[in-house]
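Naming convention: chains lettered A, B, ... in sequence-line order (proteins, then strands); numbering from 1 in each chain. The figures that follow rest on heavy atoms only: side chains count, while hydrogens, waters and symmetry mates do not.
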Number of protein chains: 2
Amino acid sequence: MAIFKQLFDEATSTFTYLIADEHTRSALLIDPVHEQYERDRALLDELGLSLKYVLETHVHADHITGGGRLRHETDALFIVGKGTGLDCADRLVADGETIEMDSITIQVIATPGHTDGCTSYRWEDRLFTGDTILIDACGRTDFQQGSPERLYQSIQKLLAFADETLIYPAHDYNGKRVSSVGQEKTINPYIAGLNEAAFVAKMRALNLPKPKRIDVAVPANSLCGGADVPRQPGETEAA
Amino acid sequence: MAIFKQLFDEATSTFTYLIADEHTRSALLIDPVHEQYERDRALLDELGLSLKYVLETHVHADHITGGGRLRHETDALFIVGKGTGLDCADRLVADGETIEMDSITIQVIATPGHTDGCTSYRWEDRLFTGDTILIDACGRTDFQQGSPERLYQSIQKLLAFADETLIYPAHDYNGKRVSSVGQEKTINPYIAGLNEAAFVAKMRALNLPKPKRIDVAVPANSLCGGADVPRQPGETEAA
C-alpha cells in the first residue's frame, strides 16, 4: 500500500497531502504551505522519503506555497496546471496528462472556475479538488479570473466520477477532512439540486470580504513560492 | 485496484459495502439489507462477481440482514463477531483474526458497546465501524446489552488508527457518507473533548424512542437473517 498523509495548517485552514511509494520511498506533496516547511521536511525525514514533486492545485490567494523553498532545498520539481501560465514552474500540466512517480500515477484534471489555472489531481479513487469542490462548499469566483460558469462545468466534471470517489479539498474551516462524490452530490448546498443558472446566481449573490493575504500570496505564488530559483537544464541542488 | 462500492438503503438509512478482488472477481458484502437483495444480486451480476462472504458488524435492531437470503441463494458464508454467539453463522470471528479473500485481507476488531457482539472490520486504510462510530455520532447503548463504558473503550480502539484512516459507518441519517479518524476526533460531539465519564454521562442522558423494527429485526437477525438454512459440513447450494 502507498503512504498517504493529510496535514493541516491551522493558520490558513489548508490541507497538504503527501503521497509516497512505500518501496522506492519517492514522495510528492500537494499544496504545501510555506510556514509548514519544517513540519513537511521533518515528516519526509521521519518516513525516510525523497521528495520528487510538489503539485499545486492553483495559485493560492490565502497562503504562500511551500513549493518555492522545497524545490530550492530538495530536488523536487514544481508542477502546476498549464492554465496558470507560470513560467517559473518545472512542468505545466494539461487536462488528461498523467504524472508518474514509480507505482503512483496521478491524473491531471483541469478544473478552471475558482481561478483560471485550477487543476484537480486524481490518485486511484481519491480526488484532490483544490478549491473546486470543498466539503459542503466550493471556491469563490470573485477574483483571479474566477468564473461561476466555468466552475459549474468543472464541478460537473468531478461529479462524473463514481459516488465512492473520495474528495480531499484544499481547505476546510469546520473540522471536516474528507468527503465523497456521492456525499457532495447529496448535501453540498452549492451542488445538490442546483442547475447552472441557479449555481451562477448563488455565486454572484455572495458578498465576500477580500482575502486577508491575497496581496502577498498571489504575487509570491505567481513566482512559484517566492524562493524560486529558476533551474538550468540538467541542474540539480547537488550541482 | 480492488472494487469498492457503497450502497444505501433509504428506508433504514443503512450502508452496505461491497469489496471485491478485481482479478479473481471474488466479493464480500458488509451489512446487506434483506429488502435490497435484488439490488445486491444485480450489482454482483453486473460486475461479474462471485459472492464469497457476508460480514455482519452486529445483530442489527433496525433492519433484517440480507445475509440469510444471500447465503441461501449463493455459496456465500455468513460471518459475524464471536461476541454475538450466533450458532447459525458459518464463522464466528474474534478480535485480531483476519478474513482472507484472495488479495483482500480484512482485520477483525471486536468493538462491543452498542451491542455485545459488535465488530468492526479494517480493509487497508478503511474502517467499517458498524454502529460503533457513526459520522458525528455513535451507536446507542440502551438495549441489546449496550454499555457506554464498553463503547467508550471500543471507540478509543478505533481512534488509535492513523488520522487518515477512513471511517465507513453502518448508517447515516443526514446524507454523509464517509469520514476519517482525524475528522471524528476533531468534531464528533460524542468524541471530541469527552473523557470516559463525560461520554458515559452523555449516553445515559439520551432518551431515545424504541427502534421501530427491533421486535422483528433482532429475532430474525439472531437467526442470521431468517432465511437461514443450517449447512451440513461440505454442503453447498449446488449440492
Identify which part of A/I167 has an atom lying under 4.5 Å from any heavy atom of chain B, answering side chain, backbone, both or neither.
neither
Compare all side-chain heavy atoms of B/L44 with those of B/L18 and state whether any distance is below 4.5 angstrom.
yes
Considering only heavy atoms from C-beta outward, does the side chain of A/I64 approach that of A/V33 to under 4.5 Å?
no
Donor-acceptor pairs, chain A vs chain B, cutoff 3.5 Å:
| from | atom 1 | to | atom 2 | distance (Å) |
| --- | --- | --- | --- | --- |
| A/Q6 | N | B/E164 | OE2 | 2.8 |
| A/D125 | OD1 | B/R126 | NH2 | 3.2 |
| A/D125 | OD2 | B/R126 | NH1 | 3.4 |
| A/D125 | OD2 | B/R126 | NH2 | 2.9 |
| A/R126 | NH1 | B/D125 | OD2 | 3.4 |
| A/R126 | NH2 | B/D125 | OD1 | 3.2 |
| A/R126 | NH2 | B/D125 | OD2 | 2.9 |
| A/E164 | OE2 | B/Q6 | N | 2.8 |
| A/R177 | N | B/Q183 | OE1 | 2.7 |
| A/V178 | N | B/Q183 | OE1 | 3.4 |
| A/Q183 | OE1 | B/R177 | N | 2.7 |
| A/Q183 | OE1 | B/V178 | N | 3.4 |

Tell me, do A/I19 and A/F128 make a side-chain contact under 4.5 Å, heavy atoms counted?
yes
How close do B/V181 and B/A162 get, heavy atom to heavy atom, and via which atoms?
CB-O, 3.5 Å
Looking at B/I187 and B/A192, what are the two nearest heavy atoms and their distance?
N-CB, 4.3 Å
Can you find a pair of side-chain heavy atoms, one from A/L55 and one from A/V80, that are under 4.5 Å apart?
no
